[in-house]
Amino acid sequence: MNRMKNFTAGFVRENPVFSLYLGICSTLAVSTTLNNAIGMSVAVIVVLVLSNMIISAIRNITPNEIRIPVYIVIIAALVKIIQMLITAYAPALDTALGTFIPLIVVNCIILGRAEAFASKNNIFDSALDGLGMGIGYMFALLVMSAIRQLLATGVLNFANPFDMTQMIFEIRIIPAEYVISMFSQPVGAFFTFAILAAGVAAYKNHLEAKAKEQEKAEAALKKAAKEA
Amino acid sequence: MVTTIIVMIILGAVLGLGLGVADKFLKVEVDERVEKVTAMLPNYNCGGCGYAGCSGLAEALVNGEVASVSLCKPSKPEVKTAIAEYLNTTPGPDGTCCKVKP
Amino acid sequence: MKKILHLTIFLAVVAAVAGGALAFANDLTTPIIEKNQLAAEKESLKILYPEASDFKSVALKGDSKTIQKIFQVDDTTYIFKMQVAGYKDGTVFMVAINTEGDLLKYHAISNGDTSGIGTKVTEDAFKASLEGKKANEPLDTISGATVSSKPVVEGIHEAAAYVDEYLK
Amino acid sequence: MTELFTMFITAVLINNVILSQFLGMCPFMGVSKKASSAIGMGVAVIFVIVVASIVTYGIYYLVLDPLGITYMDLLTFILVIASLVQLTEMIIKKSSPALYRSLGVYLPLITTNCVVLNVALENIKQGYNFVEMLTYSIAIPVGFTLVLYIFATIRERLDAAKTPAAFKGNPIALIVAGIMAIAFSGLAGLV
């Protein structure tokens, strides 16, 4: 049971981006269009699951003093090998993910999860955690890029990742002249992220408040039961 | 292929040696409770608690600068209670225990 | 002492394994990547001159950073593959110049600047404004996108100078 | 000499590493609660980036390039940076505990810091010579420290201000960062 809880934790309660503040660098930089969001999150999920598995496989033999250099070398080698294989054997996939894979090495989620989770749990749990965190990351990135793309260009569109000219769906929601181009620049990224992070915080405060009320109600109940 | 492996072996060895020697000669007697608590904390080094990294928070907890573990937002509740219990029970080098709330 | 040895060997082994895997992947993939790149290059050359059967690549003289490659179509026309800076990633483009210095063809392959502004260098309006002119005479940039279009024009002038100096 | 100066100004003010390249956000969000800790972090980052850039520049042009294995740049750089930071942390911890208390304790944050790796790779990608590399490796962390310090002073007053419960902590800090990004993007026409 706690495996399932661990897995879903990554979605909202422990969302890597909004509550752990990991990987903000890439979230802010990449979340300009839906295509970028999908491309980046798929790349992150693949690398995160693989690196979590390798790191948890060698966790018992890694001496603690050189833990960080060893993890970073594994992640960097993994990223570069995936990038080479994709550019050589899947040129179509390369057009979709080619620009995002080198960005991953600079992404703090991978090392963050490697050190916090993969170095303490077995391979299957780490892979699961990688997947959960990756999906949480994709969820955050999709929400961010939908808002920013909508406000910056007034159009929500998604092109076929393998052939960028072919548009799968395109809906114009805001007419062209009411578009706020600030949201495609860094400034918009900060504001969108701030509001979404506040939303998650409000949701968590709400949960805590409800939990506290329940506790108070139970305590009152118990006291009443004792007196009777 | 072979040159890369040789270059990497030399680089890895040199850095490993450097870290090993540094670790041996630069050993600072750290209160082992701090290391124990750092290991129990999630190690995101996210800085959410205002300290730079989990070792900073662990030190603050051990020398009483901070009274409750709840400052570390991402850690799970059962981890917080475990840390509090550990600190309230194990005496430090001067024999005193600290009073910390989860 | 044992600890130091353990750390050194461990880091060396991990670095060697990671490096070895990377080198193996690299030796495996570099020939294929080069083949893909040549094919893509031939394709973009074909856009300029569909009827030309083969493009002889010419050795590059001088040390200009913008001229990447030169191909010879026939004894009077050369195609320059150029890469110039811009607002962000700049522009990669091809320009065909003959020995008299006329700018015969222009084709932009990629532009990494702000979409809608910088990317105007890839559109037909800019292409039409260049083709048919003398390569070394002042060419007009795109108003509103000077940061992206000025380096392209300067690149063309550099190619023209290269023709006069080496290929005449 | 002048384009070194323009490079310095562009790196510090115009495409500032935090506000327009979005790198180094993790330490930026975490550590900027107090102005003194911001200065401590900034000095540590300047020291690490300059040393890391010189070492990685040397490795690239003395080892990787002659041997023709330049595809190993990412792996060797990242290995060197991680070990270098860990080494500096140990040295500072041993040599001066006081300095470590205020400064070194931020070094673990730098290991996961994206700025260091980005500067090392940028030095090679732009093909800088040694002097340009030095200017760039000093300019970027100075820009980082400048923004971090300004941000920390604002944030100190921010805790006193009444912010809605949901915005407390990082969200309101992000709004402040957004406003600073507007101010800094105003400098774009400088060069």
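By convention in this document, chain letters (A, B, ...) are assigned in the order of the sequence lines, proteins followed by strands, and residues within each chain are numbered from 1.
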Pull out the residues in residues 171-179 of chain D that come under 4.5 Å of chain A, heavy atom to heavy atom, sorted by number. D/Pro171, D/Leu174, D/Ile175, D/Ala177, D/Gly178, D/Ile179
Do you know which of A/Ala197, A/Pro69, A/Ala189, A/Gly199 has the most heavy-atom pairs under 4.5 Å to chain D? A/Pro69
Decide if atom OH of A/Tyr89 counts as having more than 12 heavy atoms of other residues, nucleotides or ligands within a radius under 6.0 Å. yes
Distance-minimising heavy-atom pair for A/Ala77 and D/Leu75: N-CD1, 3.4 Å
Should A/Met84 and D/Tyr71 be marked as a side chain to side chain contact (heavy atoms under 4.5 Å, CB included) after you check the CA-CA gap, both sets of side-chain angles, and the distance that decides it? CA-CA 10 Å; A/Met84 282 181 186; D/Tyr71 59 86; 4.1 Å; yes
Min side-chain heavy-atom separation D/Met180-A/Val187 under 4.5 Å: no
Is it the case that atom OH in D/Tyr128 sees more than 12 heavy atoms from other parts of the structure closer than 6.0 Å? yes
Over all atoms of both residues, closest heavy-atom pair of D/Ile78 and A/Ala76: CG2-CB, 3.8 Å
How about D/Tyr149: does its OH atom have over 12 heavy atoms from other parts shown lying under 6.0 Å from it? no
Between the CG atom in D/Leu79 and the CD1 atom in A/Ile66, the distance rounded to the nearest 0.5 Å is 9.5 Å
Working note: A/Lys80 + D/Asp73, criterion side chain to side chain contact (heavy atoms under 4.5 Å, CB included); need CA distance, chi angles, decisive distance, verdict. CA-CA 10 Å; A/Lys80 195 91 184 183; D/Asp73 54 4; 3.7 Å; yes
